[in-house]
K.L.:
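I have a structure here, written as structure tokens, and I will follow up with some questions on it.
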Amino acid sequence: MGGERLGSWVVSYTGMSADNIKGLLLAVSSSLFIGASFIVKKKGLKKAGASGVRAGVGGYSYLLEPLWWIGLITMVVGEIANFAAYAFAPAILVTPLGALSIIISAVLARIILREKLHTFGVLGCILCVVGSTTIVLHAPPEREIESVAEVWDLATEPAFLLYAAIVLAAAFVLIFHFVPKYGQTHIMVYIGICSLFGSLSVMSVKALGIALKLTFSGMNQLVYPQTWFFTLVVIACIVTQMNYLNKALDTFNTAVVSPIYYTMFTSLTILASVIMFKDWDRQNPTQIVTEMCGFVTILSGTFLLHKTKDMVDGLQQSLPIRIPKHVDEDAYESEGIPLRSAADGIPLRSPRGTEGIPLRSAADGIPLRSSRGTESFRSTS
């Protein structure tokens with residue numbers, strides 16, 4: 001009785017429907033589990049890569065690492081909660097709340113992986129929360145759907161069929177043309193594949209979630225072949241996403257992967273939802289603009305988290321240093337080559353593919369020579 005009164009009070013106070021509130025709570029809990037899983041899986045990938053072939057170059061030794069499986073189970077729990085959230089609330093409400101997983105991931109990356117979180121990174125986390133709150137308060141109500149056949153009709157309209165064709169074409173071009181050449185050097189290749197398939201998986205997850213919700217309420221949807229088709233699409237898309245997400249996490253910094261993946265995945269999912277479920281047809285222009293402002297606020301937060309991932313508060317009195325891709329126990333080849341002069345704060349960058357180019361610190365006049373693939377710089381007088 002008290003729970004019903006509390007629910008009625010929340011509904012009347014926020015103006016949100018009961019289903020939207022259920023979806024909101026499930027989405028928040030999902031973000032907590034998924035944010036933690038990024039860190040646990042990254043730790044497992046590093047341990048596996050130290051004794052076997054790294055996932056980033058096609059290895060699967062991480063399948064023998066218990067820590068990776070713990071991370072996987074944590075992610076599965078989060079995805080189940082996320083799956084249930086889509087059955088109750090529109091994608092335009094559930095998907096942007098994934099920004100909360102970025103906050104969890106950034107905080108735990110600092111604590112467990114010892115990746116840096118600048119003061120502006122904290123500001124980025126706050127912006128993500130503000131943007132998420134804005135979207136939650138102005139999200140459209142869930143569309144009333146009475147059978148999975150109705151979802152199938154929406155999915156087979158020309159506009160969404162065109163979107164799906166473009167997504168699949170772009171994904172296959174990335175997989176067969178760009179991955180062999182640029183997968184290890186350009187983060188957008190792996191994340192682009194994950195995001196493209198992700199937008200289709202969310203639409204199928206929502207369709208499957210609606211089918212199960214209707215089935216549990218007494219209207220059996222398992223007799224429809226469309227339900228099983230959506231199930232197959234979900235499985236295929238999620239397997240593909242996990243494969244390339246593992247490659248991205250193993251190859252690039254977690255603080256970079258999380259915000260970029262979130263931005264691309266959320267943008268494409270919102271676009272797919274607007275096309276398929278016509279979310280904006282149930283809103284006025286003011287609500288739509290407010291939602292977009294909230295989304296832009298979240299993007300600003302993720303941008304700050306990304307740009308400040310290797311910054312530290314204050315200046316350290318030391319010679320210019322190189323920021324490696326992996327900064328702890330696995331001495332993999334360093335990625336990039338940002339150099340920072342601690343004395344004057346002037347960033348120096350050595351070009352990729354160039355051997356032995358002398359770089360000079362303006363403050364102390366000490367020439368430094370970078371060698372690609374090595375972990376140190378030689379000082380000459």
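A quick note: this is a predicted structure, and the numbers were derived from the prediction, not measured.
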K.L.:
I'd like to know whether Ile298 forms a side-chain contact (heavy atoms from CB on, under 4.5 Å) with Thr266, so could you lay out the CA-CA distance, the side-chain angles of the two residues, the decisive distance to 0.1 Å, and finally the verdict.
P.N.:
CA-CA 10 Å; Ile298 295 175; Thr266 304; over 6 Å; no
K.L.:
To the nearest 0.5 Å, what is the distance between CE (Met75) and CH2 (Trp68)?
P.N.:
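One finds 9.5 Å between CE of Met75 and CH2 of Trp68.
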K.L.:
Once you round to the nearest 0.5 Å, how far does SG of Cys128 lie from CG of Leu97?
P.N.:
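If I round to the nearest 0.5 Å, the distance is 11.0 Å.
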K.L.:
In the single-linkage hydrophobic clustering (I, L, V, M, F, W, Y; side-chain heavy atoms under 4.5 Å), do Leu208 and Leu26 co-cluster?
P.N.:
no
K.L.:
Which word best sums up how the rings of Tyr182 and His186 line up, parallel for under 30°, tilted for 30 to 60°, or perpendicular for over 60°?
P.N.:
perpendicular
K.L.:
Between CG of Asn246 and OG1 of Thr251, what distance do you get to the nearest 0.5 Å?
P.N.:
10.0 Å
K.L.:
Tell me if the centroids of the rings in Trp152 and Tyr224 come within less than 6.0 Å of each other.
P.N.:
no
K.L.:
Please report the C-alpha distance between Phe160 and Thr156 in whole Å, then the side-chain angles of each, then the deciding distance to 0.1 Å, and finally whether the side-chain contact (heavy atoms from CB on, under 4.5 Å) criterion is met.
P.N.:
CA-CA 7 Å; Phe160 187 76; Thr156 53; over 6 Å; no
K.L.:
Hey, are the side chains of Leu72 and Met242 touching, using non-hydrogen atoms and a 4.5 Å cut-off?
P.N.:
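A side-chain contact exists here, since the closest heavy-atom pair is under 4.5 Å.
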K.L.:
Within this structure, what is the CG-CD1 distance for the pair Leu174 and Ile191, rounded to the nearest 0.5 Å?
P.N.:
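Answer rounded to 0.5 Å: 12.0 Å.
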K.L.:
May I ask you to test the Met219-Glu146 pair for a side-chain heavy-atom distance under 4.5 Å?
P.N.:
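They are not in contact (no side-chain heavy atoms under 4.5 Å apart), so the answer is no.
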K.L.:
According to a hydrophobic-cluster definition based on side-chain heavy atoms being under 4.5 Å apart (Ile, Leu, Val, Met, Phe, Trp, Tyr only), do Met264 and Met203 belong together?
P.N.:
yes
K.L.:
Considering non-hydrogen atoms only, spot the tightest contact between Thr215 and Leu222 and give its length.
P.N.:
OG1-N, 4.1 Å
K.L.:
Are Phe252 and Val40 grouped together when hydrophobic residues (ILVMFWY) are joined by side-chain heavy atoms under 4.5 angstrom apart?
P.N.:
no
K.L.:
Closest approach of Glu291 and Ile92, non-hydrogen atoms and distance?
P.N.:
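Closest pair (atom of Glu291, atom of Ile92, distance): OE1-CD1, 3.2 Å.
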K.L.:
So how far is it from Phe120 CZ to Leu127 CG, rounded to the nearest 0.5 Å?
P.N.:
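Rounded to the nearest 0.5 Å, the CZ-CG separation comes to 11.0 Å.
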K.L.:
Hey, does Asn82 have a side-chain heavy atom less than 4.5 Å from the side chain of Val94?
P.N.:
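Of all side-chain heavy-atom pairs linking Asn82 with Val94, at least one is under 4.5 Å.
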K.L.:
Can you tell me how far CG of Leu137 sits from OG of Ser132, rounded to the nearest 0.5 angstrom?
P.N.:
11.0 Å
